[in-house]
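Order of appearance sets the numbers: ligands from 1, and atoms from 1 within every ligand. The residues of the chain are indexed from 1 along the displayed sequence.
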Amino acid sequence: MDITKEYARKLDKEDTLKKYRTEFYIPSGTVYMDGNSLGLLSKRAESAVLSLLDSWKNSGIDGWMKGQHPWYYFAERLGGMCSPLIGAMDEEVIITGSTTSNLHQLIASFYKPHGSRTKILVDELNFPSDLYAVSSQLALHGYDPSEHMKIVRSQDGMLLEEVDIIQAMTEDVSLIVLPSVLYRSGQILNMKLLTEEAHKRDILIGFDLCHSIGAIPHAMDEWEVDFAFWCTYKHLNGGPGSVGGLYVNRKHFGVGPGLAGWFGSDKDKQFDLDIKMTPATQVGSYQIGTPHILSAAPLYGSLQIFQETGIARIRDKSWKLTEYMRCLIDELLSEYAFQNVSPLEQERRGGHLFLIHEEAARICKALKEKGVVPDFRSPNGIRLAPVALYNTFEEVWETVQFLKEIMEKEEYLKFENKREVIA
Ligand SMILES: *Cc1c(COP(=O)(O)O)cnc(C)c1O
């Protein structure tokens with residue numbers, strides 16, 4: 001392993017995606033390693049927002065049907081731009097809602113408890129919002145979540161074993177909701193295997209793609225996943241609170257929507273304003289109200305970049321970045337008790353690394369003081385996400401050098417080992 005800065009620069013020179021960095025606004029003086037919490041603004045996303053604002057400015061209500069991006073079809077259009085990223089057909093993907101509200105919609109549509117099949121299977125490492133949603137849906141159906149939300153435990157608190165999940169797919173389970181990539185350890189679950197095993201047992205299965213979309217490829221259709229949902233402000237760089245996404249396998253078209261609203265209507269019938277709804281025949285039926293056009297606008301620009309590069313090239317560079325970082329950490333920080341808990345195998349690791357250290361909170365503060373933006377996860381985790389579209393190998397090198405300096409000189413000691421309100 002070559003630990004010189006020259007080697008990092010050589011890797012940057014060979015990088016075929018390097019020109020995309022100039023399309024992003026990199027906060028000045030920072031090494032941004034937090035793209036899996038909030039991706040950065042690209043110039044294309046910015047001009048898409050301005051263009052949609054213009055359509056409002058110039059067309060008023062006619063913007064729904066006129067102009068470059070008629071708002072009435074915008075959610076479907078963005079869905080089509082997203083579909084290659086998850087291996088789905090255009091009509092199976094829609095940009096709508098948020099991660100959590102989409103999960104509510106999907107449970108409301110696909111959770112059909114019957115007889116002794118009443119449970120929803122989840123895991124204890126998923127992002128808590130998903131578990132809150134599952135719990136409240138169970139309660140709405142009149143079930144006690146403490147009995148009917150079946151939680152797969154992790155053996156080490158960081159990773160999940162697929163065999164444990166499969167073992168939990170018992171006859172009382174009706175539906176499964178799991179993450180594609182765990183938000184802490186970065187582990188990729190074997191979605192193909194889990195879907196096969198769920199279907200063998202007549203259980204429907206859906207995945208939360210928040211930490212995988214835009215970072216790794218997916219094959220939702222090929223794996224026959226029943227449904228999926230995600231946010232677009234992490235690896236997809238859609239901006240704070242940008243509109244989320246939802247996938248339903250076409251074999252389920254016509255089911256639900258569990259939560260209905262007029263924007264789930266067949267588009268040609270919607271403005272008949274009939275008191276009986278005629279749902280859209282495709283994934284659009286899972287929309288509820290008027291689409292949030294201005295919060296979806298940046299996606300029109302940012303998804304173009306993904307269309308241009310393709311997800312395979314992004315995954316290739318992302319893997320190289322995290323692997324380079326992992327090797328540098330091994331080489332340079334071995335005496336400082338950092339524990340890398342992210343999987344080592346390519347098919348099991350997503351787009352970030354997760355380091356555990358008992359001083360993690362103040363190490364993150366010391367990093368921030370040096371201009372590196374990491375992500376602290378309570379109680380003792382440092383999450384680092386070098387992103388393919390805008391980070392460089394040299395930045396990875398710098399980040400590890402800074403970490404070494406912070407540890408060597410004990411610079412973290414001047415901070416309190418406590419998290420901020422947002423961490
Ligand atoms: C980021 C994230 C969320 C956030 O949910 P929102 O409804 O978009 O606020 C939910 N689940 C996972 C796994 C996440 O990573």
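A donor-acceptor contact closer than 3.5 angstrom is absent between the side chains of Trp230 and Ser212.
Aromatic ring centres of His148 and His141 lie farther apart than the 6.0 Å criterion allows. Close placement of the Trp262 and Phe271 rings is indicated, their centers lying within 6.0 Å of each other. Under the 6.0 Å cut-off for aromatic ring centres, Phe227 and Tyr247 do not qualify, their centroids lying 6.0 Å or more apart.
Ion pairing between a basic and an acidic side chain is recognised when a charged N comes within 4.0 Å of a carboxylate O; Lys200 and Glu197 show such pairing. Salt-bridge check for Glu395 with Arg21: passed, with a basic side-chain N closer than 4.0 Å to an acidic carboxylate O.
Residues with a heavy atom under 4.0 Å from ligand 1: Ser98, Thr99, Thr100, Asn126, Phe127, Asp130, Asp208, Cys210, His211, Cys231, Tyr233, Lys234.
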